[in-house]
Amino acid sequence: MSGEEYIESLRDGREVYLHGERVRDVTTHPAFRNSARSVARLYDALHEPEAKGVLSVPTDTGNGGFTHPFFRTARSAEDLVTSRDAIVAWQRLVYGWMGRTPDYKAAFFGTLGANADFYGPFRDNALSWYKRAQERVLYFNHAIVHPPVDRDRPADRTADVCVHVEKETDAGLVVAFSQSRMIAGYFLPQVSWNSLNRSVAAASFGAV
């Protein structure tokens, strides 16, 4: 993915609100545009000639492409050092001020190539995500905290914000939930809730 492709991916009609008002385009709004441009710069850096061996290494998926080192499973001490140096190189471009850059979730995606068997019958799902994340250097993040709807109520009385199945279909489960603290969520090319070990037909959720 190039910086231009990344910027364009954010112009998808996503709903972002600031002080109660809809932000129509996070790539041009004064509150968000500089951060979006900074992430785009990271993607562009992968394509620079001097990035080879530092910010870019050959993929191990068989597609003949290149990727950020941290997205590829480390097989040696040298690979770990290369990944470390790539993380540092990206952070130098943003002066260490962006803690949720695309390589953040590579800490998870990179494990799928080495530990796919852990997922048992869903091993192919793990390898598919490993391949997709590595070849595209996907920008993912997570939201892991339930919104504090009413702290006076016990958890079972505010359970509607927790992930729950609304119905089951032949295509899979339809789930709904709400999560908070999705840091940098408005800069993600895609907001997705997925499970490695379930078929999810549709997901309806809100992130704060």
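Computation of the quantities below employed the complete heavy-atom set of this structure, encompassing side-chain atoms and omitting hydrogens, waters and symmetry-equivalent molecules.
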Run the ring-centre check on F70 versus W90 and record whether the distance is less than 6.0 Å.
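No, the ring of F70 stays outside the 6.0 Å limit from the ring of W90, centre to centre.
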Taking the six-membered ring for Trp and the full ring for Phe, Tyr or His, determine whether the centres of F108 and F140 are under 6.0 Å apart.
no
Backbone N/O of [Y] and side chain of [X]: donor-acceptor pair under 3.5 Å:
X    : Y    : value
R72  : V57  : no
T82  : E78  : yes
E135 : T67  : no
Y43  : E5   : no
Y139 : R100 : yes

Same hydrophobic cluster for [X] and [Y], using side-chain heavy-atom links shorter than 4.5 Å among ILVMFWY?
X    : Y    : answer
F122 : F118 : yes
Y104 : F109 : no
F71  : L80  : no
V39  : V94  : yes
F66  : V137 : yes

Compare every heavy atom of [Y] with every heavy atom of [X], then report the nearest pair and how far apart it is.
X    : Y    : answer
S56  : P69  : N-CD, 4.2 Å
Y130 : G113 : CD1-N, 3.5 Å
S38  : M98  : CB-SD, 3.6 Å
V54  : A89  : CG1-CB, 4.3 Å

Kindly list each side-chain donor-acceptor pair under 3.5 angstrom involving residues 25-32, sequence neighbours excluded, with atom names and distances?
residue : atom : partner : partner atom : Å
D25     : OD1  : T27     : N            : 2.9
D25     : OD1  : T27     : OG1          : 2.5
D25     : OD2  : R11     : NE           : 3.4
D25     : OD2  : T27     : OG1          : 3.2
T27     : OG1  : R11     : NE           : 3.1
T27     : OG1  : R11     : NH2          : 3.2
T28     : OG1  : D25     : O            : 3.3
H29     : ND1  : A31     : N            : 3.0

Evaluation steps, side-chain contact (heavy atoms from CB on, under 4.5 Å), between Y119 and N125:
CA-CA 8 Å; Y119 298 96; N125 290 13; over 6 Å; no
Gap separating the [atom1] atom of [X] from the [atom2] atom of [Y], nearest 0.5 angstrom:
X    : Y    : atom1 : atom2 : result
I87  : T101 : CD1   : OG1   : 8.0 Å
R132 : L138 : CZ    : CG    : 7.0 Å
E15  : R24  : CD    : CZ    : 8.5 Å

So does Y17 have more than 12 non-hydrogen atoms from other groups sitting under 6.0 Å from OH?
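Enclosed.
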Counting only heavy atoms not in R92 (residues, nucleotides, ligands), do more than 12 fall under 6.0 Å from its CZ?
no
Going through the distances and angles, do D60 and Q134 end up as a side-chain contact (heavy atoms from CB on, under 4.5 Å)?
CA-CA 9 Å; D60 64 6; Q134 183 182 153; 2.9 Å; yes
Do [X] and [Y] make a side-chain contact, defined as non-hydrogen atoms from C-beta onward lying under 4.5 Å apart?
X    : Y    : answer
V174 : V165 : no
D44  : S2   : yes
H68  : L55  : yes

Do any side-chain atoms of residues 45-53 form donor-acceptor pairs under 3.5 angstrom with protein atoms, and if so which ones, sequence neighbours left out?
residue : atom : partner : partner atom : Å
H47     : NE2  : M1      : O            : 3.1

